[in-house]
2 protein chains.
Amino acid sequence: MRDVAQLAGVGIKTVSRVVNGEPNVSPATAERVRQAAASLHFEPDLHAGNLRRADRRSRTLGLLVSSVANPFAAQVHRAIERVAIEHGYAVLAASLEDDPDAELRAVTALARRRVDGFVVTPVRDDQAYLRLHVERGTPLVCVDREPHGIETDTVVTSNVEGARDAVRHLLAHGHRRIAFLGDLERIQTAGQRRQGYLDELAASGIDVDPALIVLGLHDDASATAVARRLLTLPDPPTAIFSGQNLVTIGAIRALQQLGLEHDVALVGFDDVETSDLLKPRVTTVSQDADRIGRLAAERVFARLDGDTSPPRHLVVPTRLVVRGSGEIRAPLAAPADVG
Amino acid sequence: MRDVAQLAGVGIKTVSRVVNGEPNVSPATAERVRQAAASLHFEPDLHAGNLRRADRRSRTLGLLVSSVANPFAAQVHRAIERVAIEHGYAVLAASLEDDPDAELRAVTALARRRVDGFVVTPVRDDQAYLRLHVERGTPLVCVDREPHGIETDTVVTSNVEGARDAVRHLLAHGHRRIAFLGDLERIQTAGQRRQGYLDELAASGIDVDPALIVLGLHDDASATAVARRLLTLPDPPTAIFSGQNLVTIGAIRALQQLGLEHDVALVGFDDVETSDLLKPRVTTVSQDADRIGRLAAERVFARLDGDTSPPRHLVVPTRLVVRGSGEIRAPLAAPADVG
DNA sequence: CAGTGACTTGACAACGTTGTCGGGCGCGAG
DNA sequence: CTCGCGCCCGACAACGTTGTCAAGTCACTG
């Protein structure tokens, strides 16, 4: 900037004014400055300016997603970035791979880079440590999962309701023995989806068979193994509700291996890519990742714009997408019932 | 930092020394400083330090990916981030959605934030404008596509060879009428894959039917429409080579709609999620996105470490993954041949 | 013609940190 | 005892920018 000022024959502050579009610069001077800046390929240093600027905004958002392996996270990222760009913001992203230590490291890294706001997918058991940053004026929005130890804006999927929808759908097609395959228990959404499953069965007065409930599945291989085991029980489930997309893929593979994909019903939580190319096509409870990301980003910017209202907890509804696998009817009378 | 110094009863520079692990601080003082820093929850401002620091490193990498809708880009991103973290770096990412203007905007945004290096998926026709940044010492590595107008490190997939492999595979299964469905012509990889297709056919002395070559497909809907049209020609192709994953999905849908998925062979470039759950399972030419991302990041860090050797052009080979759809044999004699 | 106000401009301090340098102190050697 | 050297430590300038403020110019008014 000093060089630009010298070349244009003006003071350094005048260059600053032109670069930032401040008023009170004569058109002739402004033009000379612009020429000089262009010929030197000057790019202002955002962070240096930040140091002195009144608003102290780095115009950068910090984003922590659970796992990049998950297309859901990629879509949330994309939606956030779109909103960020509209506000002239860039996004510093870090993927946590569901590692609690990575969460801490990433928050520190972002704090040192003075991001203006955090969008976090909680992984640790406790997010109280984030209070510090919030108290210092860095807004925090949690997505996908509710945080612990801190009251803040959240944007989550209606996990319990979505799971109930799935189970209700299966019940309506005559199923009574419905298995639930879920992700690691420490992941909050896994627990909520199981809760929805239990709630809906309870509401329909159906006894729950604990043997049909398996949690702790985090990849498709383990899901395949467990699904195979359940399906070869003496009294197997007539339907499966899988609580996460990799688990759904594992369940499909198991069904295919046993040749049961047209006999046992399946509803998966969260979309599976190409789910409509499979046979049968896969019925899913779809999450609106785009909306979740958009709302989260908008919450951050609202807080940055001075919104000090109490924390909001936004719940984005799911949508049951009927494609075929969930509409397979239960056998008219299960052996156990006939007894 | 001033506050920490006051609380610890030391000079501000001593705090700096402790925070940065510089030598020549007595253990007692260091401990007092650490206590003070912890009790004030002090986080150093990386960018302020940067301003004065000798190496002038923001410890941030800038990444431009073509489109987040693409799982390939997500995987590249992930691999780069992993290497970045090992080096204590964070990643500022921007997705371009294959919009040439977005490329310019994103580069400017990253340059103003003083990233230490760029990893760019070229979208524009000309990357000469990036020379400025390279000359100023910001290394640039291009991934997935070769840049124009600038000599720099590149990491790309062996598109031509991969396409030849795919076509050779189909030829070996008796096919002579092989359609090629490709992405937008302005996307370099699309052209290279078509070139591989043409090369392999030429090498085998097979006449190319221009009616079987369609480019400009960027989503699955248009690919479905085009594939349907080709398959209902009077003299349809007996095999399809699709040059991108969304196009592959479109082709599969068309085949399914026409009930031809077990009669017409298909090989797709780039992986399709759940490709092994489809019937038939989809044979693909897989790209090693993880390796591409890793190599790109390592090139950036090598340049940052002072490597001034001539630009390297790394080519990551593809792998033909045989799953079923590409092994469907051509009808023994096509009507045209019998003629 | 003096006074007024609007507009334009630059000198200077400040932001939070690191590099430089010099001062003080303790200890071993002469 | 004195000198010298090494280790600790802090004052100060500097990084590239913006906020503050005062000075300068000019046209217009009374």
Side-chain angles (χ1 to χ4, degrees), chain A residues 1-34 36-37 40-60 88 108-116 136-138, chain B residues 1-34 36-37 40-60 88 108-116 136-138:
Chain A
M1 190 152 126
R2 196 197 310 273
D3 302 330
V4 177
Q6 199 157 25
L7 180 60
V10 300
I12 178 176
K13 175 68 213 200
T14 300
V15 177
S16 170
R17 272 191 269 259
V18 173
V19 167
N20 295 349
E22 287 174 36
N24 296 339
V25 178
S26 78
T29 311
E31 188 49 33
R32 229 171 47 244
V33 170
R34 265 190 291 272
L40 293 177
H41 301 290
F42 169 73
E43 287 287 357
D45 183 326
L46 196 62
H47 294 123
N50 231 12
L51 212 49
R52 190 64 167 86
R53 206 190 314 273
D55 63 5
R56 234 116 169 50
R57 294 277 169 86
S58 63
R59 302 194 170 281
T60 306
T108 301
L110 296 178
R112 294 188 173 192
R113 287 174 177 80
R114 297 294 189 262
V115 294
D116 293 341
R136 289 182 186 181
T138 311
Chain B
M1 189 153 125
R2 195 197 310 273
D3 302 330
V4 177
Q6 199 156 25
L7 180 59
V10 300
I12 177 175
K13 175 68 213 201
T14 299
V15 177
S16 170
R17 271 190 270 259
V18 173
V19 168
N20 295 359
E22 288 173 35
N24 295 340
V25 179
S26 77
T29 311
E31 187 51 32
R32 228 172 49 244
V33 170
R34 266 190 291 272
L40 292 177
H41 302 289
F42 169 73
E43 288 287 357
D45 183 328
L46 196 62
H47 293 123
N50 230 11
L51 212 50
R52 190 66 167 86
R53 205 190 314 272
D55 62 5
R56 233 115 170 48
R57 294 278 169 85
S58 62
R59 303 194 170 280
T60 306
T108 302
L110 296 178
R112 295 189 171 191
R113 287 174 177 80
R114 296 296 188 261
V115 295
D116 293 341
R136 290 183 185 178
T138 311

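Quick note on labels: first sequence line is chain A, next is B, and so on, each numbered from 1.
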_Please tell me if B/R2 has a side-chain N or O lying less than 4.0 Å from either OP1 or OP2 of C/dT17._
no

Separation of D/dT17 atom P from A/E22 atom CD, nearest Å, is 14 Å

Rounding to 0.5 Å, atoms CG (B/N24) and OG1 (B/T14) come to a distance of 10.5 Å

Scoring nucleotides 4-9 of chain C by protein non-hydrogen atoms under 4.0 Å (B base, S sugar-phosphate only, - none) yields ----BB

Review point. Is any side-chain N or O of B/R53 closer than 4.0 Å to OP1 or OP2 of C/dT18?
Key: yes

task: Look at atom CZ of A/R2 and say whether more than 12 heavy atoms of other residues, nucleotides or ligands are closer to it than 6.0 Å.
output: no

query: Can you check whether A/T60 reaches B/R113 side chain to side chain, under 4.5 Å on heavy atoms?
result: yes

note: B/D55, atom CG; D/dC15, atom C1'; distance rounded to Å ~ 13 Å

In whole angstroms, the gap separating C1' of C/dG16 from CZ of A/R114 amounts to 9 Å

Here the distance between atom P of C/dG10 and atom CE of A/M1, to the nearest Å, is 12 Å

To the nearest angstrom, the CZ-P distance between A/R52 and C/dC12 comes to 15 Å

Value for CZ (A/R114) from CG (A/N50), rounded to nearest 0.5 Å, stands at 10.5 Å

So CD1 of B/I12 and CG of B/D3: to nearest 0.5 Å the spacing works out to 9.5 Å

Taking C/dG19, C/dG10, D/dG16 as options, the one with an atom nearest any side-chain atom of B/L51 is D/dG16

When rounded to whole Å, the CZ to P distance for the pair A/R59 and D/dT17 reads 16 Å

Among C/dT18, D/dT18, D/dT17, the one nearest any side-chain atom of A/K13 is D/dT18

Note: for B/G9 and B/G49 on DNA chain D, the residue whose nearest nucleotide lies more 5' is B/G9

Would you mind classifying the nucleic acid contact of B/I12 as base, sugar-phosphate or nothing, using non-hydrogen atoms under 4.0 angstrom?
base

Check: Is the count of non-hydrogen atoms from other residues, nucleotides or ligands lying under 6.0 Å from A/Q6 atom CD greater than 12?
Finding: no

In whole angstroms, the gap separating P of D/dC15 from CG of B/D45 amounts to 18 Å

Double-helix bend of the helix from C/dC1-D/dG30 to C/dG30-D/dC1, axes at both ends from 5 pairs, round to 10°, gives 60°

Remember a base hit wins even if backbone is also touched, and classify B/A54 as base, sugar-phosphate or nothing at under 4.0 Å, heavy atoms. sugar-phosphate

A/N20 CG to D/dT17 P, in whole Å, measures 10 Å

Practice task
Look at B/N50 and C/dT17 and indicate whether a side-chain polar atom (N or O) is within less than 4.0 Å of OP1 or OP2.
Solution key: no

Any non-hydrogen side-chain atom of B/R136 less than 4.5 Å from a side-chain atom of A/H41? yes

Under 4.0 Å between a side-chain N/O of A/S16 and OP1 or OP2 of D/dT17, yes or no?
no

Salt bridge (Lys or Arg N to Asp or Glu O under 4.0 Å) pairs touching residues 6-25 of chain A, sequence neighbours excluded, are none

| message | Show, in sequence, the C-alpha distance, side-chain angles and deciding distance for B/R53 and B/L46, and conclude whether the side chain to side chain contact (heavy atoms under 4.5 Å, CB included) test is met. | response | CA-CA 10 Å; B/R53 205 190 314 272; B/L46 196 62; 4.1 Å; yes

Practice item. Find out whether B/L110 and A/E43 are in side-chain contact, i.e. whether some heavy atom of one side chain is under 4.5 Å from a heavy atom of the other. Key: no

| Short side-chain N/O contact to C/dG16 OP1/OP2 from A/R56, under 4.0 Å | yes

